[in-house]
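Take a look at the structure below.
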Amino acid sequence: MQLYNTLTRKKEAFEPLNPPKVGIYMCGMTVQDRPHLGHMRAFLAGDVLRRYLEYKGYDVSYIQNFTDIDDKIIHRARRENVDWRQIAERNITEYLRAAEAMNFKPATFFPRATLHIQEIIETVQTLMDQGIAYPAGDSIYFDISKFPSYGKLSGKKLEDLLAGYRVEPAPGKRNPADFALWKGWKEGEPYWHSPFGKGRPGWHIECSVMSTHYLGQPFDIHGGGSDLIFPHHENEIAQAEAAHGKAFARYWFHVGFVKQAGEKMSKSTGLFTPITDLLQRYSSQAIRHYLLSTHYRTPIDFEMEHLDRSERAMERITNFLRKAPDPKNPVEEMVKSPELQDWLQKFEQAMDDDLNTPGGLAVIFEMVRQGNEALQAQRGDDAAALKAGMIFLMNVLGFRLEEKERTDLWVDDLLGLIVEVRQILRQEKRFDLADLIRDRLKALGVVLEDTPSGTLWTIKGSPSS
RNA sequence: GGCGGCGUAGCCAAGUGGACUAAGGCGGCGGAUUGCAAAUCCGCUAUUCCCCGGUUCGAAUCCGGGCGUCGCCUCCA
């Protein structure tokens, strides 16, 4: 499979270091605020990458961290006058709930920065011992002049960085672009003890440490939002490679932004749509479809109405799935059948090309059309086979399909009764009454469809699945 | 100022040198089906890919220039 690598700025054949094992580190949230659509897009891309690699037969270790100590969290806590840990817990909980609702496959591990302080200290110490890190005031900084390839990920040149610097450098820094590995304690802030005094980790070090802790160094894929390329990922590379004298991550996977009203969605500007709010109005499948119908590296300009479209697009799929007969054999068996191989191949062809999910979706929609055709032509077996293939591929893309709305038995019986009575009315050509029933049920969220083989009903609404 | 992304039908969006007479979705129009709907099927809906030059037998796709737009360079997925 071809994967775009930010480091080389081109698509490369993906070859894991130790097949069939693949290690992925997905940069998670700094939990200063609520998770929004932009986060979900990045983590969804990671989820699909992981699922697809598993589909290809790899054994994936998927690590997604929470950075639960940081300036912004402390500020937030101060503003709300609560313990900083509560801010972190609250947002982690909201994220985890949203991730489940979105049907993200849980990470192998969800490490937290605050549970890896000891190792962070050790790594900072290593950098000190090597003369790459130096103290200034109560803090420890990384000296970028000691790491010649600094800037290789983001394509920045040292001179440009110095020239373009817009913030007043902290006193004592040798170079304005040097960054903090360890931040000295200030009154009222959380701290840990270290050989360099009381303090807390700088922003980037936790990811260097946690990624290699779980995946070793080097490891296969490091991912995250594009806004992390600089300085976060650049600095991670510098720290890890300087400290251990070997390459850090092999493929860098960066996901495009979600914009809103033409501007980047961002916690710091407050311009963002919390995913939890969206999940109250839209099904997770629609959100998944919306996000996957654009290639992961292309920026998306979010508009609410686009989710309505995705909702309708998903109905096209679920309508077919609902009407097609169930496959006679388990899906895993069915997908081996010769008539499905072309579809699988087309799907893979798209996905192998840098995870082209819009192309993958197009294949599925082609299958829907053919499946409907089969249904219309009374070729039930063909429809069932296509249904099996679709279920299989939808699963690779992470769509949650199995979850039918469970209704109480008595609701089934009651609706059965109403449909039966209405059927009699239709036979007696009392269409005014039959239509009245249909209209009134629709207003209650129950949709009736008269088909040659009887009347189907579905309950709409409650977008909880 | 430096670096990077994007600009394809009414809208969303693939495709990045030849099977493109440009996927797929939403919407619209016409037809089939239906008691009417819904769902579904069939047909139509970009002689053209922001503009201008160039390279090539051949360009949406490569090169040069321009316009528009967004982002990174400061916390951010």
Side-chain angles (χ1 to χ4, degrees), chain A residues 6 9 26-30 32-33 35-46 64 67 70-72 75 151 154-157 159-161 163-168 177 203 223-232 234 254-259 262-269 272 289-290 292-295 297-301 303 305-306 308-317 319-320 322-323 346 350 353 356-366 368-369 371-377 426-427 429-432 434-435 438-439 442 447-452 455-456 458:
Chain A
T6 309
R9 303 202 180 257
M26 201 61 193
C27 250
M29 290 181 66
T30 299
Q32 48 161 304
D33 211 329
H36 58 64
L37 225 213
H39 296 117
M40 294 334 246
R41 183 185 190 197
F43 301 134
L44 173 61
Q64 183 179 327
T67 294
D70 145 280
D71 292 0
K72 294 269 177 174
H75 294 156
S154 54
K156 296 191 186 305
K157 297 189 198 75
E159 312 88 83
D160 299 339
L161 279 175
Y165 242 72
R166 308 198 301 238
V167 282
E168 196 59 34
W203 176 35
S226 297
D227 45 359
L228 295 178
I229 296 172
F230 190 90
H232 188 55
E234 193 71 62
H254 287 108
V255 183
F257 304 116
V258 176
K259 300 184 292 173
E263 249 184 85
K264 187 185 142 201
M265 202 179 274
S266 160
K267 282 183 291 193
S268 41
T269 56
F272 64 86
H289 173 272
Y290 170 61
L292 293 184
S293 61
T294 303
H295 181 81
R297 286 192 283 117
T298 307
I300 292 181
D301 202 344
E303 279 175 53
E305 305 79 67
H306 295 172
D308 292 310
R309 284 187 212 170
S310 285
E311 205 77 76
R312 268 166 268 136
M314 286 308 291
E315 274 172 29
R316 181 166 163 77
I317 291 177
N319 279 337
F320 169 72
R322 188 160 48 89
K323 289 176 184 171
K346 273 193 190 171
D353 181 14
N356 186 345
T357 54
L361 283 170
V363 173
I364 291 171
F365 279 102
E366 283 287 339
V368 174
R369 210 200 75 245
N372 278 322
E373 233 173 293
L375 278 183
Q376 202 151 37
R426 289 179 70 215
Q427 275 156 11
K429 308 247 185 267
R430 309 218 15 215
F431 295 120
D432 51 336
D435 292 350
R438 188 172 62 198
D439 291 346
K442 189 174 183 187
V447 178
L448 297 190
E449 291 175 62
D450 298 319
T451 75
T455 298
L456 297 175
T458 33

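All heavy atoms count here, side chains included; hydrogens, waters and symmetry mates do not. Sequence lines set the chain letters: A, B, ... in the order given, protein chains first and strands last, and positions in each chain run from 1.
A:Asn372 and A:Arg369 form no side-chain donor-acceptor contact under 3.5 Å, judged by distance and modelled atom types alone.
B:rC20 sits 12 Å from B:rA14 when the C1' atoms are compared, rounded to a whole Å. As rounded to the nearest Å, B:rC3 and B:rC44 have P atoms that lie 48 Å from one another. Comparing the same atom, P, in B:rG15 and in B:rG30 gives a spacing of 34 Å after rounding to whole Å.
Counting non-hydrogen atoms under 4.0 angstrom, A:Met265 reaches a base of the nucleic acid. Residue contacts shown for A:His295 are limited to sugar-phosphate atoms, with no base heavy atom under 4.0 Å away.
Pairing for B:rG43 is with B:rC29, a Watson-Crick or G-U wobble pair whose two hydrogen-bonding atom distances lie under 3.5 Å. With a 3.5 Å ceiling on both atom-pair distances, the Watson-Crick or G-U wobble partner of B:rG1 is B:rC73. Remark: B:rU21 base-pairs with no nucleotide; criterion is Watson-Crick or G-U wobble with both hydrogen-bond distances under 3.5 Å.
Each of B:rG35, B:rU40, B:rC75 was ranked by its minimum atom distance to the side chain of A:Lys72; first place goes to B:rC75.
Between A:Tyr290 and A:His306, the ring planes are tilted. Angles from 30° to 60° get that label.
Using a 5.5 Å limit on the distance between ring centres and a 30° limit on the angle between planes, the aromatic ring of A:Phe431 counts as stacked on the six-membered base ring of B:rG35.
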